[in-house]
**Q** 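Next up is a structure, given as structure tokens.
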2 protein chains.
Amino acid sequence: MKKYLSLLKNSKLFQGISEEELTSMLDCLSAVTRSYHKGECVFGRGERIDSVALLLEGSVHIQKEDYWGNLSILSEISEGEIFGEVYACLGSDEMLNDAVAVKPCKVLFLDVKRILTMCPSACQFHGRLIRNLLTVLAQKNKILTQKLEHMSRRTTREKLLSYLSEQSLRAGSPVFDIPFNRQQLADFLSVDRSAMSAELCRMRDEGILSFDRNHFILK
Amino acid sequence: MKKYLSLLKNSKLFQGISEEELTSMLDCLSAVTRSYHKGECVFGRGERIDSVALLLEGSVHIQKEDYWGNLSILSEISEGEIFGEVYACLGSDEMLNDAVAVKPCKVLFLDVKRILTMCPSACQFHGRLIRNLLTVLAQKNKILTQKLEHMSRRTTREKLLSYLSEQSLRAGSPVFDIPFNRQQLADFLSVDRSAMSAELCRMRDEGILSFDRNHFILK
DNA sequence: GCCTTTCTGTTGTATTTACAACTGTCTTGT
DNA sequence: ACAAGACAGTTGTAAATACAACAGAAAGGC
């Protein structure tokens, strides 16, 4: 676990919490880690969970497959981020999505009840932890709202431009990488892969952007 | 304010907080109320806010209009619900949407810093308030996810069925009212109003559902 | 009661998309 | 080095959508 201390210290959940405090906290929160193979489910639809997951290594997609096998990717979780916090906070609600490892992953689980109720006055950092969790929820809320904005566009081109503009803004540069391949991006934006691919090439030919695989340059 | 005490007591934000505690809390949170005419903005895009809004009376739409005047409705806020909590919690972030009164409204503003930092040990209900805020954020997160699910459907019919099924589940009955007229529903689902209207009638003719204005029956 | 405005439904057309099938390139494992 | 599989791009067609313009019904104001 020592290996991940700096990752944890810099994560949004543990921001502002000292390293020694963090170590003792992990015991309090009954932290356990588990590894997952590519393609394995960390959380499955219909489950009820009471732990927040923090991704130590790898990459996770929050996604859903419908009756006909159509995949819809809700979000991509990268190292240091948490997931499952919504259902862990809501306790009795069943999960509506799967959390799937898209690479070999290592995940840290933290009991959310202990985050919310443990030693309310004893730990000086406990209040900080709860406020951090609140901030993460608010940020995720904002990200979902931005995704809704991409999806509310009518055409594939507009969806792409909306998404790529946001990625560019987030990177603070017209040059950036995206965390998806073509099929994943199509499943993320809910469009047809081949149509999207064609649209990307059309925009490239028009000089709006250029790209190579998942590396993009907006102009 | 007395007039609204029972509304507040039953709101998700103040759930589990006694009536006398609530009264004294409102002072601590520097609560102020304001009225709005139909069409007025409670919050505007680009603003930075430090208060959570609680809707005492009326109805508010969280929405966004793009360059070409296309309206996109993100969510509908009804009496007793809060809004603006994401940006109030994130402090420095600019709002990306407008909050618009769609009826005459009365809104209660609560300073979010005082929710997060006031008398951490003195008030026994203060911890409850923070946890309530966390729960509300988690619930909104889930609602946004459900909306993303509607929007990820490819056809207008699928979007409608996804939305109407959820409304039916929420109402716990195949008979329910929706809080939108046709234009608003179309702006909410990001589809063309007339095409949506036609699709609804087609579904009615096929016996899938029946409706009158905003009153629906699923079969 | 009447006029105006809002709301809903209808139709036709041009645009856009989904879907399927296929090609060529790159990657991976052996 | 080779084969198998993953990935990106291309094309054609059927289906669905957006858009515009219009008509009738309902609601609201005077």
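Side chains are part of it too, since the values below use all heavy atoms of this structure and drop only hydrogens, waters and symmetry mates. Remember, it's a predicted structure, so these values are computed and weren't measured experimentally. A note on names: the letters A, B, ... follow the listed sequences, proteins ahead of strands, and every chain is numbered from 1.
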**Q** Do B:Arg193's NZ or CZ and the ring of B:Phe180 fall within the cation-pi criteria of under 6.0 Å and 45°?
**A** no
**Q** Can you tell if the side chain of B:Cys89 reaches within under 4.5 Å of the side chain of B:Leu133, non-hydrogen atoms only?
**A** yes
**Q** Looking at A:Arg202 and A:Glu206, is there a salt bridge between them, counting it only when a charged N and a carboxylate O are closer than 4.0 Å?
**A**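 Salt bridge between A:Glu206 and A:Arg202, a charged N being under 4.0 Å from a carboxylate O: no.
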**Q** Remember a base hit wins even if backbone is also touched, and classify A:Arg213 as base, sugar-phosphate or nothing at under 4.0 Å, heavy atoms.
**A**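 A:Arg213: backbone/sugar contact only, no base atoms under 4.0 Å.
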**Q** Are B:Tyr87 and B:Phe43 close enough that their ring centres sit under 6.0 Å apart?
**A**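 That pair fails the under 6.0 Å test.
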**Q** If I take atom CG in residue B:Asn70 and atom C1' in nucleotide D:dT17, what distance separates them, rounded to the nearest angstrom?
**A** 14 Å
**Q** When you check the phosphate oxygens OP1 and OP2 of D:dT17, does a side-chain N or O of B:Thr156 lie under 4.0 Å from one of them?
**A** yes
**Q** Grab the CD-P distance between A:Glu158 and D:dT17 for me, whole Å please.
**A**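 Whole-Å distance recorded here is 16 Å.
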**Q** Regarding B:Phe180, tell me which of base, sugar-phosphate or nothing describes its non-hydrogen contacts under 4.0 Å with the strands shown.
**A**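 Answer is nothing: B:Phe180 stays at 4.0 Å or more from every strand.
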**Q** From NZ of B:Lys103 over to P of D:dA27, roughly how many Å is that when rounded to an integer?
**A**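 Nearest whole value for this atom pair: 16 Å.
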**Q** Between B:Asp192 (CG) and D:dA20 (C1'), how many Å, whole number?
**A** 10 Å
**Q** Could you say whether B:Lys38 or A:Arg193 is positioned toward the 5' end of DNA chain C, judged by the nucleotide with the nearest heavy atom to each?
**A**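 Mapping each residue to its closest nucleotide by heavy atoms, the 5'-most match is B:Lys38.
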**Q** Over all strands shown, is A:Asn181 touching base, sugar-phosphate only, or nothing at heavy-atom distances under 4.0 angstrom?
**A** sugar-phosphate
**Q** Please report, rounded to the nearest Å, how far the P atom of D:dG9 is from the CG atom of A:Leu160.
**A** 12 Å
**Q** How many Å lie between CG on B:Asn214 and P on D:dA25, as a whole number?
**A** 20 Å
**Q** What's A:Thr155 touching, base or sugar-phosphate or nothing? Going by heavy atoms closer than 4.0 Å.
**A** sugar-phosphate
**Q** Below 4.0 angstrom, N of the basic side chain to O of the carboxylate: do B:Glu199 and B:Lys159 qualify?
**A** no
**Q** Side-chain contact test, heavy atoms from C-beta onward, threshold under 4.5 Å: evaluate it for A:Thr135 versus A:Lys12 and give yes or no.
**A** no
**Q** Which two nucleotides bound the region of DNA chain C that has atoms under 4.0 Å from heavy atoms of chain A, read 5' to 3'?
**A**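 Extent of the interface on DNA chain C: C:dT16 to C:dC26.
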**Q** Are any of the side-chain heavy atoms of A:Val107 and A:Arg34 separated by less than 4.5 Å?
**A** no
**Q** Is any side-chain N or O of A:Arg204 under 3.5 Å from a base N or O of D:dG9, one able to act as donor and the other as acceptor?
**A**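 Answer no: no donor N or O sits under 3.5 Å from an acceptor.
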**Q** Figure out the CH2/P separation between B:Trp68 and D:dC19, and round it to whole Å.
**A**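 Those two atoms, CH2 and P, are 11 Å apart.
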**Q** Can you find a side chain N or O atom of A:Arg182 that sits less than 4.0 Å from OP1 or OP2 on D:dG9?
**A** yes
**Q** In whole angstrom, give the distance that lies between atom CZ of A:Arg157 and atom C1' of D:dA18.
**A**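 After rounding, the gap between these two atoms is 17 Å.
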